[in-house]
2 protein chains.
Amino acid sequence: MAQRFRGKSTHKVDAKGRVSIPAAFRRVLEAGDPEWTTGLFPTLILVYGGKGRKFIEGYTVEAMADVDARIENMPLGSIDRRRAEHTFLTESFQVQVDLTGRLVLPQNIRDKFGISDEAVFAAAGTTFQIWQPEAHQEHSEKMDEWYDDAENVDPLVLLGAAAPVTASTGD
Amino acid sequence: MAQRFRGKSTHKVDAKGRVSIPAAFRRVLEAGDPEWTTGLFPTLILVYGGKGRKFIEGYTVEAMADVDARIENMPLGSIDRRRAEHTFLTESFQVQVDLTGRLVLPQNIRDKFGISDEAVFAAAGTTFQIWQPEAHQEHSEKMDEWYDDAENVDPLVLLGAAAPVTASTGD
DNA sequence: TTGCATCCCATGAATTCCCATATATACAGA
DNA sequence: TCTGTATATATGGGAATTCATGGGATGCAA
């Protein structure tokens, strides 16, 4: 498995829609772009589809290639395949990190998610998410409500039920 | 099972957020990083998520790979998976031990745990914890309250119910 | 030719790297 | 067993880089 996105941070969005990508995320994007070599700027894919989703989802080139392959394995013409194509292919776009480590969020996308002058980048393993700050805060609190239950102080409890797989250390 | 973290000690945190990692812990981090060889500096992952938790939890690369694998075995999109992702992926970050055996705790993390000029490193087997000194003291006392009960003088009593497995010395 | 998007440059702040030192620990030889 | 020497550890300071962000120039298209 490729490098994982980890961590979160808030960044300014300027009038042109430019946002800095957290440096740690850029390293993952570079590693996940087969075309990339030192001096070049990695490509990534942003998915804004999915009704009700409150975030834009960022994929490395490799991670998206995996999604594409899965879609291509679905029965041609099936409704599920059409839905997947709609979300991942129609409602997405490809961007390139620029010289200064930023990407541009077009006006209509910013509008859709209510993003104005700031955006939160939150890691989620193979992908990362771009949120409107308050929306992320709300989401974050909802995720943490679980801890209010005195039984659940240790998040490892969440993993307890999962299969005791052998650790894979990746490549 | 890999080498275990053991022991505790207090270290200075300087204005840049740098803290020395106890040398004994470094040995475990080295052993737990598949990329590591003599001369290199091991990577580790710090988890600061988990509402109400009063410490930062440090994982070796291997230990975190196990957590990641468990998360990936959870049903996609399930609430528990989301929570696990939030705590272990979003509210965590990766750092590398530097030339002088230190790591850097960013300002916002230090603020969250009230860590200013000192921090306590406390081992916990496969992971270790970083505490604000007074918080650790408090925790430590709470753990020891148990002994106040005259019946419970021998901590081995705690292990009584555990399965009598054959000791594995690991590798 | 006006609007939008891309490219290029500039700058302060934060972060990393490198070097220095004092103390503690291990080791070797007498 | 004692003692000097080498080694490892914990910590501090400054230089060099990288990062995040803002501003303007350039180019293309409607």
Side-chain angles (χ1 to χ4, degrees), chain A residues 5-31 36 38-44 46 58 93-111 115-123 128 130-131 133, chain B residues 5-31 36 38-44 46 48 58 93-112 115-123 128 130-131 133:
Chain A
F5 291 103
R6 228 175 251 291
K8 71 172 172 191
S9 50
T10 303
H11 296 264
K12 301 269 182 209
V13 180
D14 70 15
K16 298 174 187 174
R18 297 181 298 184
V19 218
S20 288
I21 300 168
F25 288 16
R26 293 207 292 267
R27 300 292 94 77
V28 181
L29 292 172
E30 289 165 0
W36 183 85
T38 311
L40 294 183
F41 310 112
T43 296
L44 65 150
L46 294 179
F93 59 102
Q94 185 174 307
V95 288
Q96 204 170 25
V97 178
D98 74 11
L99 180 68
T100 61
R102 287 181 284 201
L103 58 82
V104 177
L105 293 176
Q107 186 66 59
N108 56 328
I109 303 293
R110 277 177 280 157
D111 290 347
I115 294 170
S116 57
D117 62 335
E118 280 193 332
V120 172
F121 283 69
F128 66 89
I130 306 178
W131 293 76
Chain B
F5 291 104
R6 219 174 263 289
K8 72 175 171 187
S9 51
T10 303
H11 296 264
K12 300 272 180 206
V13 180
D14 70 16
K16 296 174 187 174
R18 296 181 299 185
V19 217
S20 288
I21 300 168
F25 288 17
R26 293 207 292 266
R27 299 293 92 78
V28 182
L29 292 171
E30 288 164 359
W36 183 85
T38 311
L40 294 184
F41 311 111
T43 295
L44 65 149
L46 294 179
Y48 57 88
F93 59 101
Q94 186 176 304
V95 288
Q96 207 171 22
V97 178
D98 73 11
L99 181 69
T100 61
R102 287 180 284 199
L103 59 81
V104 177
L105 294 176
Q107 185 67 59
N108 55 330
I109 304 294
R110 278 177 280 157
D111 290 347
K112 169 162 179 177
I115 294 171
S116 57
D117 62 336
E118 280 192 333
V120 172
F121 282 70
F128 66 88
I130 306 178
W131 294 76

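A quick note: this is a predicted structure, and the numbers were derived from the prediction, not measured. Chain letters run A, B, ... following the sequence lines, proteins first and then strands; every chain starts at 1.
Nearest heavy atom pair, residue A:G58 against residue A:L46, reads CA-CD2, 3.7 Å. Scanning both residues, A:P133 and A:E118, for their nearest heavy atoms gives CD-O, 3.3 Å.
Using a distance-only test at 3.5 Å, with no hydrogens or angles considered, no donor-acceptor pair links the side chain of A:Q94 to the main chain of A:T43. For B:R110 (side chain) and B:I115 (main-chain N/O), no donor-acceptor pair under 3.5 Å exists by modelled atom type. Between the side chain of B:R18 and the backbone N or O of B:R102, no donor-acceptor pair lies under 3.5 Å.
A:R27 CZ: more than 12 foreign heavy atoms inside a 6.0 Å radius. The number of heavy-atom neighbours closer than 6.0 Å to NZ of A:K12, taken from other residues, nucleotides and ligands shown, is 12 or below.
Counting only heavy atoms from C-beta outward, the side chains of B:V97 and B:W36 never approach each other to under 4.5 Å.
Residues B:Q107 and A:Q107 each lie close to DNA chain C; by heavy-atom proximity, the contact nearer the 5' end of the strand is made by A:Q107.
In the 5' to 3' direction, nucleotides of DNA chain C lying under 4.0 Å from heavy atoms of chain A begin and end at C:dT6 to C:dC9.
Comparing the local axis fitted to the first five base pairs of the helix from C:dT1-D:dA30 to C:dA30-D:dT1 with the one fitted to its last five gives a bend of 40°, rounded to 10°.
Under the 30°/60° scheme for interplanar angles, the aromatic rings of B:Y48 and B:F93 are found to be tilted. In this pair, B:F25 and B:F128 present their aromatic rings tilted. The plane angle is within the 30 to 60° band.
Spacing between atom CG of B:L99 and atom P of D:dA16 amounts to 17 Å, rounded to whole angstrom units. One atom, CG of B:L103, and another, P of D:dT11, lie 12 Å apart when rounded to the nearest Å.
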For every nucleotide of nucleotides 19-30 of chain D, 5' to 3': is a protein heavy atom under 4.0 Å from its base (B), only from its sugar-phosphate (S), or from neither (-)?
SSBBBB------
